[in-house]
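In what follows, every chain begins at residue 1, and chains take the letters A, B, ... in the order their sequences are listed. For the numbers below, each heavy atom of this structure counts, side chains included, while hydrogens, waters and symmetry mates do not.
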Amino acid sequence: AAGVIQSPRHLIKEKRETATLKCYPIPRHDTVYWYQQGPGQDPQFLISFYEKMQSDKGSIPDRFSAQQFSDYHSELNMSSLELGDSALYFCASSSSGSRNEQYFGPGTRLTVT
Amino acid sequence: AQTVTQSQPEMSVQEAETVTLSCTYDTSENNYYLFWYKQPPSRQMILVIRQEAYKQQNATENRFSVNFQKAAKSFSLKISDSQLGDTAMYFCAFMTYTGANSKLTFGKGITLSVRP
């Protein structure tokens, strides 16, 4: 069965640079969630989209922005990167008829040096 | 706001034995979902089991079962016949029942080690 795809899997950036993370949800899933997991931490909700509209917002820095496109894939844009942004970024997807089933992608490991 | 508490940072169990992982939560909601996710060294988040708060019957998935005590706001995971592949970080998570805001709130996690 198709799963959530995230790219790239690993990304190394320097401070003050910009990064773009991509997420391709499971086919026919219309809702996408982004989570950030710092080293030794639990995943923290950043933002979610339903039918290309932002549906909820968590502890996402103003330096970050995200959107969902017409094909339901989503991109997380991160600017002015800081050392503290180094983390594993998960994307999860669900369908509107079954939002209690969130399927996670493998994550993108971002390292800021 | 909802909170999820996992007070045990680490646990260890002998292969083939049974282990119980604890989780408590706090919410003013009446309808919600509770989950246990497994995160092995690969860091992939894998759904282990899900419980709907309005269902009194405890969820079971093969070797995994929960003890859901709604009044006590407790949601523990029992792993029977532990296997080496069960070694992982386990996160307890909460989700409200409303459709628009269905984000997951996680506990701090517990590291489970299965000894051969």
Side-chain angles (χ1 to χ4, degrees), chain A residues 1 3-6 9-10 23 25-26 29-60 66 74 86-111, chain B residues 1-10 21 23-25 29 31-55 59 61 66 68 75 88-112:
Chain A
V4 177
I5 297 172
Q6 291 188 247
R9 293 292 307 278
H10 302 273
C23 169
I26 291 172
H29 279 193
D30 51 18
T31 307
V32 169
Y33 311 81
W34 287 96
Y35 294 87
Q36 177 192 57
Q37 186 179 26
Q41 303 294 315
D42 56 294
Q44 294 289 319
F45 171 73
L46 292 178
I47 196 166
S48 62
F49 293 87
Y50 165 62
E51 283 290 346
K52 292 151 281 185
M53 298 288 290
Q54 181 182 307
S55 56
D56 197 5
K57 192 173 181 180
S59 50
I60 183 169
S74 178
S86 294
L88 188 57
Y89 290 83
F90 285 108
C91 172
S93 73
S94 68
S95 66
S96 56
S98 188
R99 283 214 179 85
N100 62 78
E101 296 180 6
Q102 285 188 25
Y103 295 88
F104 280 75
T108 293
R109 180 174 297 282
L110 172 66
T111 302
Chain B
Q2 291 77 28
T3 59
V4 178
T5 302
Q6 295 178 254
S7 56
Q8 308 155 303
E10 296 180 7
L21 311 183
C23 173
T24 59
Y25 59 94
E29 303 285 338
N31 292 321
Y32 47 87
Y33 297 95
L34 294 163
F35 305 84
W36 279 97
Y37 277 88
K38 171 185 177 181
Q39 188 174 43
S42 67
R43 306 300 300 278
Q44 175 76 46
M45 292 292 285
I46 302 166
L47 176 63
V48 175
I49 200 165
R50 176 182 65 230
Q51 175 77 42
E52 298 163 23
Y54 64 86
K55 288 188 177 180
E61 288 288 342
V66 299
F68 173 49
F75 183 62
M89 178 82 83
Y90 287 81
F91 290 97
C92 178
F94 176 100
M95 178 192 291
T96 55
Y97 195 73
T98 58
N101 298 314
S102 48
K103 65 187 176 190
L104 288 164
T105 300
F106 291 89
K108 294 300 181 187
I110 177 172
T111 300
L112 176 67

- Item | Interface moiety of B:Gln6 toward chain A, non-hydrogen atoms closer than 4.5 Å | neither
- Note on the structure: Whatever's closer than 4.5 Å to a heavy atom in chain A on B:Phe91 counts as side chain
- Selection residues 32-53 of chain B - residue pairs positive for salt bridge (Lys or Arg N to Asp or Glu O under 4.0 Å), sequence neighbours left out: A:Glu101-B:Arg50, B:Glu52-B:Lys55
- Item | Donor-acceptor under 3.5 Å (A:Gln102 side chain, B:Ser102 main chain) | yes
- NZ on A:Lys57 to NZ on B:Lys103, rounded to 0.5 Å: 12.5 Å
- Item | Donor-acceptor contact below 3.5 Å, side chain B:Gln44 vs main chain A:Phe104 | yes
- Spell out, as yes or no, whether a donor-acceptor pair under 3.5 Å connects the side chain of A:Tyr35 to the backbone of B:Leu104. yes
- Item | Close side-chain approach of A:Leu88 and B:Gln39, heavy atoms under 4.5 Å | yes
